[in-house]
Amino acid sequence: MEKEKGPNFLEEIIAEDVAAGKHGGRVLTRFPPEPNGYLHIGHSKSICLNFGLASKFGGVTNLRFDDTNPVTEDTEYVESIKEDIKWLGFNWANEFYASDYFEQLYEFAVELIKKDLAYVDDSSAEEIAAAKGTPTTPGKDSPFRSRSVEENLDLFSRMRNGEFKEGEKVLRAKIDMASPNMHLRDPLMYRIKHAHHHRTGDKWCIYPMYDFAHGQSDSIEKITHSICTLEFEVHKPLYEWFIDKLGIFPSKQYEFARLNMTYTVMSKRKLLQLVNEKHVDGWDDPRMPTISGLRRRGYTPESIRMFAEKIGVARRENIIDVGLLEFCIREDLNKTAMRGMVVLDPVKLVIENYPEGQTEVLKGENNPEAEDKGGYRDIPFGKELWIEREDFREVAEKKYFRLAPGLMVRLKHAYIIKCESFTKDASDRVTEIRCTYVPESKSGNDTSGINVKGTLHWVAAHAAAPVEVRLYDRLFRVEDPSSEEGDFKDYINPESLHVISSAMAEPTVALAKAGDKFQFLRKGYFCADKNSVSGKPVFNRTVTLKDTWAKEERKGA
RNA sequence: UGUCCGAUGGUGUAAUGGUAACACUGCAGAUUUUGGUUCUGCCUUUCUAGGUUCGAAUCCUAGUCGGACAACCA
């Protein structure tokens, strides 16, 4: 029995607020992606948190696109983000956009100008940066800081009217250029961008900065708990300053540590690079840590939610072993995936005492974990079979219990066979294995009394369907590519993809449609790819099975 | 040489002043017509030094180490 985890710190905060009757006990969270890239496994932590927390306390969650930078944002991303959230199994209460609030935000800015809490600055980006100081030295006031309210009002409205060029003017909050918190040194509120916005088109040429949009958007929606990652912690005083000066609904921000995972990268910037520079085959390449990549790889929403649950949430930096994600998908797929036999690296096996030309149809359970075994499927059997090349050894060492001359194994769902001989070609490669079978050892009514240690998967040659199989490995060779010397791309694993163009599959497997998931017996979990064509499916390896034999061999090596 | 945040097994996460635990990993074994699954057992933990207290992972102080902050990005 698994002991239940204690509440995490966010649950504690919310539970206290609810108990104290804050906001009438109402809980409303939001998930605020910027539509400038695809969602990744790190976002799924945030999604599970935001939606999970709200529902745990009887609340709901808004989806809000933080679309305040028209030059990097696009509807393509909006669509993929919505698809991914739905796929993960979450439903948002409202679909909002920060751009919905542009008019309101503009009025908020005017209000701050009138209170002499904001001013238009004509300084260049370089001048502003220079006057900002550094974390250890205070900044200097801008020469434009003391403009009159009237002048600021006039200038700001002319900024909106498009009378100035990009970079010519900005609107800044008037706070404190000497603050130890850089974000309080008269932060920018608005900048001029003569750019087309994916939703507002050409209506605006000034756009609010994150700090002037996010908190107010939360406030407008009356978000009670605004949950974000740790790097926004230094923005919190500013988040509260705007809300306080505007006197609007007091949403509160809480931070947690973002997810990091071994053998991958988790920043949109880096992922975009991998896509643009063609190191991978798009955002949904099965090696990508994106939601769409994981989906194509064969991960299930259940497995990702289980992962989010298991990693927990705290405020300390962390790097999760990707092995935990793999554990979660195995856990799920073991219970749900249809079993099938596919030989990835085929070698011919001939049963000498099986009648020439004879075939038969055997029954195989579809899922030994299911109550009803998932039903049964037909598996053709015959005199000539394909078996896995690695399941044969010319000489067997101590702990090896697969096929080798003189040894017996069971063919899964079929008969026990004994290896009699084998032939090799000029290059010393095994070309054919010859065996005899025990007719009375048939699965289901074995009267042979023989016990064998090993069981092999196989496919009857006369009914085998060639299929393409893509074996994926980790995208990077090192645990934390971002912290290594030099460029992270130097650490890409050159063997992250191995394509097998003609593996041999049993007929049922060859019928797979895109998205169908299987456990290929003894080989791992696989998912039919979207590139599958009728009659010639393509399978992506989601994850291998745990392989204690391979581990044993590695130790011996 | 600033401000803020953090530090519990190999990796994560609990323990909320009262016996340091759970998961993953690893190791050993049992079962097995998947060297899978399942089951059993084991290894390994409170950054350091002071202080408060009957009692400290927890509170205080100092130090050490790690992270964040100087985009007209979010």
Side-chain angles (χ1 to χ4, degrees), chain A residues 2-8 12 32-34 36 66-69 71-73 98 121 124-125 128-130 132-139 166-167 169-172 179-183 185 188-193 207 209-211 213-214 228-237 255 257 262 268-269 309-328 330-331 334-335 339 341 365 368-369 399-402 409-414 416 441 443-444 446 451-457 519-524 544-553:
Chain A
E2 193 164 321
K3 201 176 140 188
E4 197 162 315
K5 268 187 181 177
N8 64 52
E12 283 178 0
E34 185 192 9
N36 69 344
D66 232 333
D67 55 349
T68 57
N69 186 5
V71 301
T72 58
E73 294 155 6
D121 194 333
S124 69
I128 290 176
K132 205 143 207 167
T134 71
T136 51
T137 57
E166 280 186 26
K169 287 182 166 46
V170 292
L171 183 72
R172 303 178 70 178
S179 170
N181 184 331
M182 296 290 291
H183 297 275
R185 321 243 263 229
L188 269 58
M189 294 164 62
Y190 271 90
R191 76 288 216 196
I192 298 170
K193 275 184 191 289
Y207 292 92
M209 300 289 291
Y210 165 84
D211 284 308
H214 200 99
C228 62
T229 47
L230 246 28
E231 69 266 29
F232 291 100
E233 186 164 32
V234 281
H235 294 248
K236 191 170 182 164
E255 313 84 21
T262 55
K268 277 197 273 186
R269 200 194 97 251
E309 182 67 31
K310 283 190 179 299
I311 60 177
V313 56
R315 285 175 61 87
R316 60 187 101 98
E317 297 290 329
N318 61 81
I319 180 158
I320 307 282
D321 188 339
V322 69
L324 184 62
L325 217 211
E326 296 177 344
F327 166 82
C328 291
R330 286 192 188 107
E331 183 88 348
N334 175 50
K335 294 189 181 75
R339 309 291 133 120
M341 295 197 287
E365 61 196 11
E369 302 297 315
K399 289 178 181 168
Y400 181 87
F401 49 85
R402 299 181 184 179
V409 297
R410 169 167 298 278
L411 294 173
K412 180 73 177 176
H413 302 310
I416 290 173
S441 67
S443 274
D446 181 352
N451 271 315
V452 293
K453 198 90 198 289
T455 301
L456 308 187
H457 63 283
Q519 181 196 107
F520 291 171
L521 250 37
R522 306 208 302 134
K523 293 275 88 176
T544 60
L545 255 26
K546 263 176 65 181
D547 191 345
T548 48
W549 167 243
K551 202 181 289 174
E552 190 74 29
E553 280 197 306

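Reckoned from all heavy atoms, side chains included, excluding hydrogens, waters and symmetry mates. Everything quoted here is computed from the prediction, not taken from an experiment. Letters A, B, ... mirror the listed sequences (proteins, then strands); counts begin at 1.
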His413(A) near the nucleic acid: base, sugar-phosphate alone, or nothing, with a heavy-atom cut-off under 4.0 Å?
-> base
Do the non-hydrogen side-chain atoms of Trp549(A) and Lys399(A) ever get within less than 4.5 Å of each other?
-> yes
Give Arg410(A) one of three labels, base, sugar-phosphate or nothing, depending on what nucleic acid heavy atoms sit under 4.0 Å from its own.
-> base
Met209(A) has an atom CE; how far is it from atom P of rC72(B), in whole Å?
-> 6 Å
Paired to rC65(B) by Watson-Crick or G-U wobble criteria (both distances under 3.5 Å) is rG6(B)
Would you indicate what Asn181(A) reaches in the nucleic acid, counting non-hydrogen atoms under 4.0 angstrom: base, sugar-phosphate, or nothing?
-> nothing
Looking only at atom C1', what distance separates rA20(B) and rA14(B), rounded to whole Å?
-> 10 Å
Sub-4.5 Å side-chain heavy-atom contact between Arg269(A) and Asn36(A) = no
Identify whether any heavy atom of Pro368(A) sits under 4.0 Å from a base atom; if not, whether one sits that close to sugar-phosphate; answer base, sugar-phosphate or nothing.
-> base
Would you indicate what Ala125(A) reaches in the nucleic acid, counting non-hydrogen atoms under 4.0 angstrom: base, sugar-phosphate, or nothing?
-> base
Quick one: are His214(A) and Thr68(A) in side-chain contact, heavy atoms under 4.5 Å?
-> no
Would you indicate what Glu255(A) reaches in the nucleic acid, counting non-hydrogen atoms under 4.0 angstrom: base, sugar-phosphate, or nothing?
-> nothing
Select base, sugar-phosphate, or nothing to describe what Ile311(A) touches, counting heavy atoms under 4.0 Å on all strands.
-> sugar-phosphate
Give one of base, sugar-phosphate or nothing for Arg402(A), where a contact means two heavy atoms less than 4.0 Å apart.
-> base
Answer yes when Glu331(A) and Lys310(A) have at least one side-chain N-carboxylate O distance shorter than 4.0 Å, and no when they do not.
-> no
Touch check for Gly167(A), heavy atoms < 4.0 angstrom, all strands: base, sugar-phosphate only, or nothing?
-> base
With C1' as the reference atom in both, quote the distance from rC65(B) to rA71(B) in angstrom, rounded to an integer.
-> 29 Å
Rounding to a whole Å, what distance do you find between Glu317(A):CD and rC69(B):P?
-> 10 Å
With sugar-phosphate meaning primed atoms plus P, OP1 and OP2, does His457(A) contact a base, only sugar-phosphate, or nothing at under 4.0 Å between heavy atoms?
-> nothing
Contact class for Lys551(A) vs. all strands (heavy atom < 4.0 Å): base, sugar-phosphate, or nothing?
-> sugar-phosphate
Protein-nucleotide distance (Glu369(A), atom CD; rU32(B), atom P), rounded to Å | 16 Å
Output yes when a side-chain donor or acceptor of Arg522(A) lies under 3.5 Å from a complementary backbone atom of Met341(A), and no otherwise.
-> no
Checking N1-N3 plus N6-O4 or O6-N4 for Watson-Crick, or N1-O2 and O6-N3 for wobble, each under 3.5 Å, the partner of rA57(B) is none
Ignoring backbone atoms, test whether Arg191(A) places a side-chain nitrogen or oxygen under 4.0 Å from the OP1 or OP2 oxygen of rA71(B).
-> no
Rounded to the nearest angstrom, tell me the gap between atom CG in Asp321(A) and atom P in rU11(B).
-> 10 Å
With C1' as the reference atom in both, quote the distance from rU46(B) to rG29(B) in angstrom, rounded to an integer.
-> 32 Å
Classify the nucleic acid contact of Ile319(A) as base, sugar-phosphate or nothing, counting any heavy atom under 4.0 Å across all strands shown.
-> sugar-phosphate
Within-4.5 Å side-chain heavy-atom neighbours: Leu188(A) and Asp121(A) | no
Separation between the P atoms of rU45(B) and rU11(B), rounded to whole Å | 13 Å
Does a side-chain heavy-atom distance below 4.5 Å link Thr72(A) with Lys268(A)?
-> no
Closest to the His235(A) side chain, choosing from rA74(B), rG6(B), rG35(B) = rA74(B)
Any side-chain N or O of Lys193(A) under 4.0 Å from OP1/OP2 of rC73(B)?
-> yes
For Tyr210(A) and rA74(B), is the gap between ring centres under 5.5 Å while the planes differ by less than 30°?
-> no
Given the P atoms of rC54(B) and rA21(B), what is the spacing between them in whole Å?
-> 26 Å
Contact class for Pro33(A) (heavy atom, under 4.0 Å): base, sugar-phosphate, or nothing?
-> nothing
Taking a pair to mean Watson-Crick or G-U wobble geometry with both distances below 3.5 Å, rU32(B) pairs with none
Determine: side-chain N/O of Thr548(A) to OP1/OP2 of rG36(B), distance under 4.0 Å, yes or no.
-> yes
Partner of rA20(B) by Watson-Crick or G-U wobble geometry, both contacts under 3.5 Å, or none?
-> none
What integer number of Å spans the P atoms of rU1(B) and rG63(B)?
-> 12 Å
Respond yes when some side-chain nitrogen or oxygen of Thr68(A) is under 4.0 Å from OP1 or OP2 of rA74(B), and no when none is.
-> yes
Rounded distance (Å) that lies between atom P of rG12(B) and atom CG of Asn8(A) | 17 Å
Would you say Arg330(A) reaches rG36(B)'s phosphate, i.e. side-chain N/O to OP1/OP2 under 4.0 Å?
-> no
When rounded to the nearest Å, what value does the distance between P atoms of rC22(B) and rC4(B) take?
-> 38 Å
Protein-nucleotide distance (Asp547(A), atom CG; rG35(B), atom C1'), rounded to Å = 7 Å
Sugar-phosphate only, base, or nothing, as touched by Tyr207(A) at under 4.0 Å among non-hydrogen atoms = nothing
Does Arg316(A) place a side-chain N or O at less than 4.0 Å from the phosphate oxygens OP1/OP2 of rA7(B)?
-> yes
Sticking with atom P, work out how far rU25(B) lies from rU38(B), rounded to a whole angstrom.
-> 10 Å
Cationic N near anionic O, under 4.0 Å, Arg339(A) to Glu365(A) = no
